[in-house]
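Have a look at the structure below, then the notes.
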There are 2 protein chains.
Amino acid sequence: MTEPAPVFTGGVDHERLTSQLRFILETDKLKRILRRNLLVDGSRRENDAEHSWHLALTARIFAEYAPEGTDIDRVVEMLVLHDIVEIDAGDTFVYDSEGAATQAERERAAADRIFAILPEDQAARTRALWEEFEARATPEARFAKAVDRLAPMLANWHTEGGTWVRNGVSRAQVMEKVKIIAEGSEALGAYAAALIEDADRRGYFR
Amino acid sequence: MTEPAPVFTGGVDHERLTSQLRFILETDKLKRILRRNLLVDGSRRENDAEHSWHLALTARIFAEYAPEGTDIDRVVEMLVLHDIVEIDAGDTFVYDSEGAATQAERERAAADRIFAILPEDQAARTRALWEEFEARATPEARFAKAVDRLAPMLANWHTEGGTWVRNGVSRAQVMEKVKIIAEGSEALGAYAAALIEDADRRGYFR
C-alpha cells in the first residue's frame with residue numbers, strides 16, 4: 001500500500017487524517033481496473049473509476065425516473081463507492097457465470113480489507129452503503145443498480161454489439177439484466193427493453 | 001455528436017429522454033481528456049473522468065474538514081460536473097499562464113454547447129453549478145476547488161515531484177494553489193502547506 005507523506009499539521013487528528021489519505025491513495029488503483037465494455041466511441045476498454053464517474057452523472061440526470069422519494073444523493077454516494085472492491089476482486093463480467101460463483105466471496109474479502117483502511121466510523125458507513133447496493137434492498141440501491149446495468153447496454157448498442165458480440169451473449173441473457181433495470185426504474189426498464197429489441201433487429205446478438 | 005438509439009417507450013417524454021441520452025453519450029468523451037498529472041503509481045496520465053470520480057470520493061471522505069454547514073452532496077454534484085467543459089476546451093495545466101489567458105473564454109463556449117444538450121431545466125441547473133464552482137462564490141464551491149487543487153499535489157508528492165519536476169514548477173507557484181486550498185478548508189490548507197514544505201525538502205521543485 002502507498003503510504004501518505006509523513007507530514008504533520010496542527011489542529012487535526014493526525015492518525016485519522018492518515019487513514020483517510022491512505023484510503024484515498026489506495027482507491028487510486030480503481031483507475032487501473034478494466035471492465036469488459038468499451039467507451040462509447042469504441043476506442044478502448046473502460047476502467048472502473050471513469051465508469052463510476054459516468055454512473056454518478058447519469059443517476060443525477062435520470063433522477064426523475066427513480067421511484068418517488070428516492071434519495072439521489074445517496075444513490076450517487078453508492079455509485080461512487082460501488083466498484084471499489086474490484087481493486088482486489090477484479091471486474092467480473094456480468095455474463096461470466098463461472099466468475100459469478102466466487103464473486104461474492106472475493107468481493108467480501110476485498111471489502112473487509114479496503115473499507116477498513118478508513119477510520120472506524122467511515123469504514124462502517126462506506127461498507128454499509130456497499131452492502132446495501134449489493135443487496136438491492138432499498139429504492140436507492142435498486143435505482144443505482146439499474147443505472148449500472150443500463151450504462152454498458154448504451155455502450156454496446158453504440159459499438160454495434162460491443163461485448164455482446166465479442167463474448168457471444170444472447171438476447172435472453174441480456175433480457176435478464178433488463179429485469180434488474182425495471183426493478184429500479186420502470187421507465188429505464190422500458191427503455192432498456194426497447195433498446196435490446198432494436199439491437200436484436202440489427203443483429204447485435206449471437 | 002453520437003445520437004441515441006432511435007427507440008421509443010411509452011410513458012416518458014421521448015424528446016426529453018433523447019436530450020438526456022445525448023448528454024450522457026456526449027460526456028463519455030471526458031474519459032479521453034488527459035490531464036498533466038500522473039496516477040499515484042506513476043504509470044500513466046490521468047483522464048478527467050477518473051479524476052472527477054476520485055474527487056467525488058475524496059470530498060466525501062474529507063467532509064469533516066469543510067466549514068460547518070457545507071452541503072457535501074452539492075460539493076459532490078459540482079465535482080462530478082466541474083471538468084465537463086474540457087471536452088471542448090481541453091485541460092489547461094494549472095501553471096500554464098498562456099493557456100490561462102484564454103481558458104475562461106474557451107470554457108464558457110464549451111459550457112454554452114455542452115450543458116445546452118440537456119432539457120432546459122437541467123441545462124440551467126448544471127450550468128449554474130459549474131459557474132458557482134468556477135466563481136468559488138460559496139463554501140461548497142470553495143471546498144470543491146480545494147479538493148480539486150489538493151489531489152494533484154498528492155499525486156505529485158507520490159511520484160517524486162511528477163508534473164512539478166517535468167514542467168519546472170517552483171515552490172512559490174505551488175504555494176499560490178495552497179492559498180486556494182486554505183480558502184476552502186483550513187485543515188486541508190495546512191496539510192497542503194506541510195506537504196509542499198516536505199516536497200521542497202526532498203528536492204521536488206526546480
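These figures come from a predicted structure and were not determined experimentally.
- When every heavy atom of A/Ile72 is checked against every heavy atom of A/Ala66, the shortest pair comes out as CD1-CB, 4.2 Å.
- Taking chain A as the reference chain and counting heavy-atom pairs below 4.5 Å, the highest number among B/Arg16, B/Lys29, B/Glu197, B/Glu186 is found for B/Arg16.
- Comparing A/Glu46, A/Glu64, A/Arg44 by how many heavy-atom pairs each has under 4.5 Å with chain B, the most go to A/Glu64.
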Go through it in stages, so that I can follow the logic: the residues are B/Arg74 and B/Glu77, the test is salt bridge (Lys or Arg N to Asp or Glu O under 4.0 Å), and I'd like the CA-CA distance, side-chain angles, deciding distance and then a yes or no.
CA-CA 5 Å; B/Arg74 199 175 164 76; B/Glu77 189 174 354; 5.8 Å; no

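- Considering CG of A/Asn156 and CG of A/Leu195, their distance stands at 9.5 Å, rounded to 0.5 Å.
- No more than 12 heavy-atom neighbours from other residues, nucleotides or ligands sit within 6.0 angstrom of CD on A/Glu15.
- Chain B forms the most heavy-atom pairs under 4.5 Å with one residue out of A/Ser52, A/Ala190, A/Ala5, A/Ala194, and that residue is A/Ala5.
- A/Leu154 and B/Leu21 make their closest contact through CD2-CD2, 3.9 Å (heavy atoms, listed as atom of the first residue, atom of the second, distance).
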Salt bridge (Lys or Arg N to Asp or Glu O under 4.0 Å) between B/Asp91 and B/Arg45: does it pass, once the steps are laid out?
CA-CA 12 Å; B/Asp91 178 58; B/Arg45 285 168 67 185; 5.8 Å; no

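- Atom CZ of B/Phe62 sits about 6.0 Å away from atom CG of B/Leu150, to the nearest 0.5 Å.
- No part of B/Arg201 comes within reach of chain A, as not one of its non-hydrogen atoms sits under 4.5 angstrom from that chain.
- Judged by the 6.0 Å distance and 45° axis criteria, A/Arg171 is not positioned over the aromatic ring of A/Phe205.
- Residue with the most contacts toward chain B among A/Leu55, A/Leu17, A/Leu81, A/Leu79: A/Leu17 (heavy-atom pairs, distance under 4.5 Å).
- Across all non-hydrogen atoms, the minimal contact from A/Gly99 to A/Thr92 is C-CG2, 3.7 Å.
- No part of A/Asp48 comes within reach of chain B, as not one of its non-hydrogen atoms sits under 4.5 angstrom from that chain.
- Separation of atoms OH (A/Tyr191) and CD1 (A/Ile181) is listed at 10.5 Å; rounding is to 0.5 Å.
- The contact between A/Phe8 and chain B is made entirely by backbone atoms, counting heavy-atom distances below 4.5 Å.
- Only the side chain of B/Val76 comes within contact range of chain A, judged by heavy atoms closer than 4.5 Å.
- A/Lys31 and B/His51 share no donor-acceptor pair across their side chains, judged by distance under 3.5 Å alone.
- Inspection of non-hydrogen atoms places A/Leu118, A/Gln122 of residues 109-145 of chain A under 4.5 Å from chain B.
- Proximity to chain A (any heavy atom under 4.5 Å) is restricted, for B/Ile84, to the side chain, taken from C-beta onward.
- In terms of non-hydrogen atom pairs under 4.5 Å with chain B, the most contact-rich of A/Asp198, A/Val12, A/Leu39 is A/Leu39.
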